[in-house]
*Asks:* 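First the structure, which I've put down as structure tokens, then a few questions once you've had a look.
Numbered from 1 within each chain, the chains take letters A, B, ... in sequence-line order. Note: hydrogens, waters and symmetry copies are ignored here, and every other heavy atom, side chains too, is used.
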Amino acid sequence: MKAAIVHFPGTNRERDMAIALRQASGQRPQMVWHRETELPQGLDLVVLPGGFSYGDYLRCGAMAAQSPVMGAVRDFAAKGGHVLGVCNGFQMLTEAGLLPGALLRNATLRFLAMDCTMKVERADTAYTRHFQPGQRFRATMAHGDGNYFADDATIERLEGANRVVFRYDDANLNGSRNAIAGICSENGRVLGLMPHPENCVDPLVGGEDGLPLFLSLAESFAEAG
Amino acid sequence: MDNAATPGEKHGMTALPLLDPARAAQLAAEFGLKPDEYERALGILGRTPTLTELGVFSVMWSEHCSYKSSRVWLRELPTKAPWVLVGPGENAGVIAIGEGLAAVFKMESHNHPSFIEPYNGAATGVGGILRDVFTMGARPIANLNALRFGDPALPRTRQILDGVVRGIGGYGNCVGVPTVGGEVNFHPAYNGNPLVNAMTVGILRADRIFTAAATGVGNPVVYVGSKTGRDGIHGATMSSTEFSADSEEKRPTVQIGDPFAEKLLIEACLELMATDAIVAIQDMGAAGLTSSSVEMAGKGGMGIELELDSVPQRETGMTAYEMMLSESQERMLMVLKPGREELAESIFHKWELDFAVIGRLTDTGRIVIRHKGVTEADILLAPLESEAPLYRRPTEETPKLPPLGEVADPLGLLPALEKLVASPDLCSRRWIWDQYDAQVGGQTSKRPGQADAAVVRVEESVDAGGKLAVALTTDTTPRYCQADPEEGGKQAVAEAWRNITATGALPRAITDNMNFGNPEKPRIMGQFAAAVRGMAAACNALDFPVVSGNVSLYNETEGRAILPTPAIGGVGVLEDVAKAVGLALPPACDLVLVGETRGHLGQSLWLREVAGREEGPPPPVDLQAERRNGDFVRGEILAGRIRACHDCADGGLLVTVAEMAMASGVGATLEAEGDHGFWFGEDQARYVLAVEDGAALLAAAEAAGVPARRLGRSGGGDLVVPGAGAISVAKLAAANEAALPALMQGV
């Protein structure tokens with residue numbers, strides 16, 4: 001698997017993501033600085049990791065979505081490339097128009113840093129083939145703005161096209177519509193989710209609940225490569 | 001004497017803008033210099049000061065920067081051990097942790113700012129301690145804190161707690177350093193004076209430690225980070241006086257934190273540190289550019305010249321005085337090797353941070369500050385430090401309290417337990433942790449609520465195929481310190497040592513954050529001296545030296561002092577993270593109590609919460625027993641025989657067992673019989689262990705000469721206490737979890 005992680009000023013889970021990708025695939029992902037205007041050749045996967053890009057001082061992800069590198073990320077997605085956005089990366093994907101909707105302040109109006117349980121709604125994507133449909137798994141949640149919102153028509157379209165990939169199962173603390181934790185693009189190749197499966201890939205730290213996502217990617221792209 | 005020369009003449013510049021002598025004396029008093037201190041400054045200068053010079057003397061000689069009341073006592077603390085690489089005096093202490101790696105850590109207070117403006121006070125407290133650690137070349141891997149608030153029934157207390165928690169989370173979450181542990185106490189003594197002590201732990205290679213001592217005549221002095229504004233001027237002086245009703249008016253001296261800038265600064269500094277460009281580096285903390293430049297040049301025995309026109313400024317029209325005293329956040333001062341400016345500048349510009357050469361090192365031994373063509377200050381550095389005020393203030397011993405005597409049990413064991421687990425000092429802190437990202441970095445093995453100390457794996461070790469981890473905790477029991485500062489000081493160190501031991505880690509060193517009242521009052525200075533005495537005894541007995549620390553005095557409002565609060569931040573080492581144990585009680589285990597139970601109820605939480613009394617001496621600390629019992633417990637954990645371990649602390653034995661049960665939802669049937677003294681006494685040096693083979697553990701304890709007894713067996717969903725009946729663990733947990741959210745509702 002040839003993966004790249006885009007590093008923005010204020011990104012802070014890039015190392016966590018690199019560890020998870022390496023753990024599952026055995027290959028070290030490349031780090032790409034946000035000022036680049038091109039991505040490395042032959043990538044299978046581009047990851048927009050978690051953090052506080054530009055301090056979240058404007059809307060979360062809004063500044064990063066305007067970074068020079070995002071043009072290349074858009075082109076990559078348009079050509080059918082796989083793009084994974086986690087937490088701040090999900091916010092960037094919505095700000096960049098690669099996924100619909102927006103992430104609002106948590107309904108609790110507080111930062112939420114705790115474990116959550118997600119239900120896998122689709123096990124037929126490159127990200128989820130190691131899960132069973134309906135499988136529940138635990139991941140770390142750490143965000144102030146994870147309240148997924150879209151208008152009724154968009155929600156209907158997402159649900160109708162089976163584009164909700166993960167849903168909060170135990171509690172929907174951030175107040176997301178339809179308890180949405182993660183959605184994908186029409187072709188299923190751009191995925192955004194709020195919780196952090198990358199912090200759950202090792203039994204000694206955080207457990208292994210998130211590992212299937214990375215094993216899915218490794219397997220998907222081992223075949224492709 | 002050379003001091004008396006008029007430097008302006010030497011440099012061919014306009015003469016120093018000296019203050020009028022009467023005005024200077026008046027300003028000195030306003031800046032907090034005592035008359036004799038001002039006389040001393042005049043002696044060093046050999047003339048009247050300029051405004052900037054007066055500012056430099058007042059902040060460098062403030063309690064906050066000079067430790068003038070505390071230094072004579074702090075010298076009693078042991079600071080050396082074979083594993084101590086850097087002791088007190090640098091930005092943070094450093095200990096070797098094996099595999100060629102080292103841990104850097106320190107704890108620092110931001111009490112006064114957090115009272116005035118809780119969010120930014122706490123946030124900048126976190127920012128400041130992070131800088132102390134990455135200044136040394138370490139990547140910060142964990143934050144902890146030690147917090148004290150006033151009466152929880154007061155709306156103001158809840159407002160401060162909410163702001164402080166948001167501030168700690170807001171800063172730590174954004175910079176991406178996990179907040180993995182801490183402690184919170186409530187007591188009316190903190191009503192007007194909350195304590196916010198923040199600790200950071202970082203990791204570096206033991207052969208890549210950066211320090212502040214500047215060398216190399218002509219080397220460039222470089223300013224990096226955020227721009228300088230007028231915020232925080234005289235913050236260090238503010239922290240060195242008592243509070244009064246007009247403290248609210250001091251709000252402009254509280255700095256505003258920018259964790260995003262800090263994150264960029266961390267990455268940029270670490271990137272530059274990976275090159276060979278840096279000679280010395282120092283963060284601009286309290287007293288900003290003044291203390292950083294004075295300390296860098298002073299420690300290196302050099303002189304320093306600053307051109308303030310080059311300082312990146314956020315506001316227009318700033319004077320030399322304002323720039324030298326600004327406490328704007330997220331700034332660093334560095335001395336580079338010659339010719340490395342371009343490399344360094346490119347790194348800082350990549351991270352979109354300001355970079356400016358603002359001066360040079362000289363061989364004059366003087367700090368010379370120029371602004372707009374005027375020499376604004378010219379001070380010989382050596383006496384600024386060597387002649388700094390040092391006070392051995394009068395002390396008065398805290399009288400020993402009479403023994404408590406018999407206390408009847410007004411409530412019964414189980415109702416008392418239910419009350420205790422929902423009391424402010426024992427209820428679940430989940431409402432707080434749930435706002436702190438404890439997982440970022442992906443190395444947190446035991447987070448809050450899972451073990452007696454946080455356990456964080458060392459990423460650099462994993463990269464090299466290792467399994468190294470550090471165990472981290474913050475502890476102190478202020479009500480013990482109030483009743484008997486010496487025993488309290490001992491207990492604070494012993495508890496930190498015990499909490500680290502309870503995870504299986506080897507306790508290695510501590511940082512201390514000494515929070516006390518007005519040192520000019522003999523009773524307060526006596527508390528300080530006694531606490532240090534107790535701490536020193538415990539550090540010596542437990543091989544647990546002090547490698548860094550911070551002193552916060554004048555924690556008084558309207559003449560009322562806080563409880564003496566020597567907060568201890570402990571660091572331990574675990575060679576194999578897989579061996580760490582938590583406190584959650586597994587089913588089908590024997591419960592064994594290690595350590596002696598005498599039923600000491602003096603100063604216990606049971607006495608306060610159930611009997612409504614704050615009386616008696618605190619539990620005595622037997623340091624030999626601590627060491628013996630702890631070494632035994634750690635050995636059993638590392639041998640893989642222990643399933644869960646929790647030390648007995650606040651609330652006593654029954655609370656300890658209840659906390660283990662609540663952490664897993666598994667109950668226990670206790671067999672030991674005892675009264676309220678047995679179940680709620682707070683005797684020290686005790687641990688409760690869950691083990692598959694209790695008999696074997698008891699035999700091992702006996703062989704090691706360690707007192708141990710069987711308590712019962714885990715299983716079911718109830719806690720069954722002989723003679724008292726049963727209580728559902730779920731019910732206890734609900735009461736434990738509901739208390740803090742109920743308190744904070746609507747804030």
*Asks:* Any chance CD of A/Gln27 has more than 12 other-residue heavy atoms, nucleotides or ligands included, within less than 6.0 Å?
*Replies:* yes
*Asks:* Treating B/Asp437 as the side-chain partner and A/Phe111 as the backbone partner, does any N or O pair qualify as donor plus acceptor under 3.5 Å?
*Replies:* no
*Asks:* Considering only heavy atoms, which portion of A/Thr11 lies under 4.5 Å from any heavy atom of chain B: side chain, backbone, both, or neither?
*Replies:* backbone
*Asks:* Working to the nearest 0.5 angstrom, can you tell me the gap between A/Asn199 CG and B/Gln439 CD?
*Replies:* 6.0 Å
*Asks:* For A/Lys2, does the NZ atom have more than 12 heavy-atom neighbours from other residues, nucleotides or ligands under 6.0 Å away?
*Replies:* yes
*Asks:* Among B/Lys446, B/Gln443, B/Arg430, single out the residue with the greatest number of heavy-atom pairs under 4.5 Å to chain A.
*Replies:* B/Gln443
*Asks:* How close do A/Asp16 and B/Val440 get, counting heavy atoms only, and between which atoms?
*Replies:* OD2-C, 3.6 Å
*Asks:* So which of B/Gly176, B/Ala261, B/Gly169, B/Ala580 has the biggest tally of heavy-atom pairs under 4.5 Å with chain A?
*Replies:* B/Gly176
*Asks:* Is it true that, when you exclude A/Glu38 itself, more than 12 heavy atoms of the residues, nucleotides or ligands shown sit nearer than 6.0 Å to its CD?
*Replies:* no
*Asks:* Are B/Arg447 and A/Asp115 close enough that some pair of their side-chain heavy atoms sits under 4.5 Å apart?
*Replies:* yes
*Asks:* One pair to check against side-chain contact (heavy atoms from CB on, under 4.5 Å): A/Arg15 and B/Arg139. What are the steps and the verdict?
*Replies:* CA-CA 13 Å; A/Arg15 297 199 324 284; B/Arg139 178 174 284 283; 3.3 Å; yes
*Asks:* Can you measure from CZ (B/Arg166) to CG (A/Leu109) and round to the nearest 0.5 angstrom?
*Replies:* 7.5 Å
*Asks:* Any heavy-atom pair between the side chains of B/Glu459 and A/Ile19 that's under 4.5 Å?
*Replies:* yes
*Asks:* Tell me which of these, A/Val201, A/Asn88, A/Thr108, A/Thr140, has more heavy-atom pairs under 4.5 Å with chain B than the rest.
*Replies:* A/Thr140
*Asks:* Contact between A/Arg35 and B/Lys350 at the side-chain level, heavy atoms closer than 4.5 Å - yes or no?
*Replies:* no
*Asks:* What closest approach, in Å, do B/Glu352 and A/Pro9 show between heavy atoms, and which atom pair accounts for it?
*Replies:* OE2-CG, 4.2 Å
*Asks:* Minimum heavy-atom separation for B/Val577 and A/Leu204, please, with both atom names.
*Replies:* CG1-CD1, 3.7 Å
*Asks:* Look up atom CZ in A/Arg110 and atom CG in B/Asp434, then write down how far apart they are to the nearest 0.5 Å.
*Replies:* 11.0 Å
*Asks:* I'd like to know if B/Arg457 and A/Asp202 make a salt bridge, using a cut-off of under 4.0 Å between side-chain N and carboxylate O.
*Replies:* yes
*Asks:* Testing the basics here: between B/Tyr436 and A/Ala113, what is the closest heavy-atom pair and its distance to 0.1 Å?
*Replies:* O-CB, 3.1 Å
*Asks:* Could you tell me which non-hydrogen atom of A/Gly55 sits nearest to which non-hydrogen atom of B/Phe260, and how far apart they are?
*Replies:* N-CD1, 3.2 Å
*Asks:* I'd like to verify something: which residue of B/Ala578, B/Gly442, B/Gly170 has the highest number of heavy-atom pairs under 4.5 Å with chain A?
*Replies:* B/Gly442
*Asks:* Which atoms of A/Tyr57 come close to chain B, meaning under 4.5 Å heavy atom to heavy atom: side chain ones, backbone ones, both, or neither?
*Replies:* side chain
*Asks:* For A/Trp33 and B/Trp351, take the angle between the two ring planes, folded into 0 to 90°, and tell me which bin it lands in: parallel under 30, tilted 30 to 60, perpendicular over 60.
*Replies:* perpendicular
*Asks:* Any side-chain to backbone donor/acceptor pair from A/Asn12 onto B/Cys174? Under 3.5 Å, distance only.
*Replies:* yes
*Asks:* Which answer fits B/Val456, side chain, backbone, both or neither, if we ask what part of it has an atom under 4.5 Å from a heavy atom of chain A?
*Replies:* neither
*Asks:* Please check if atom CZ in B/Arg314 has more than 12 non-hydrogen atoms from other residues, nucleotides or ligands closer than 6.0 Å.
*Replies:* yes
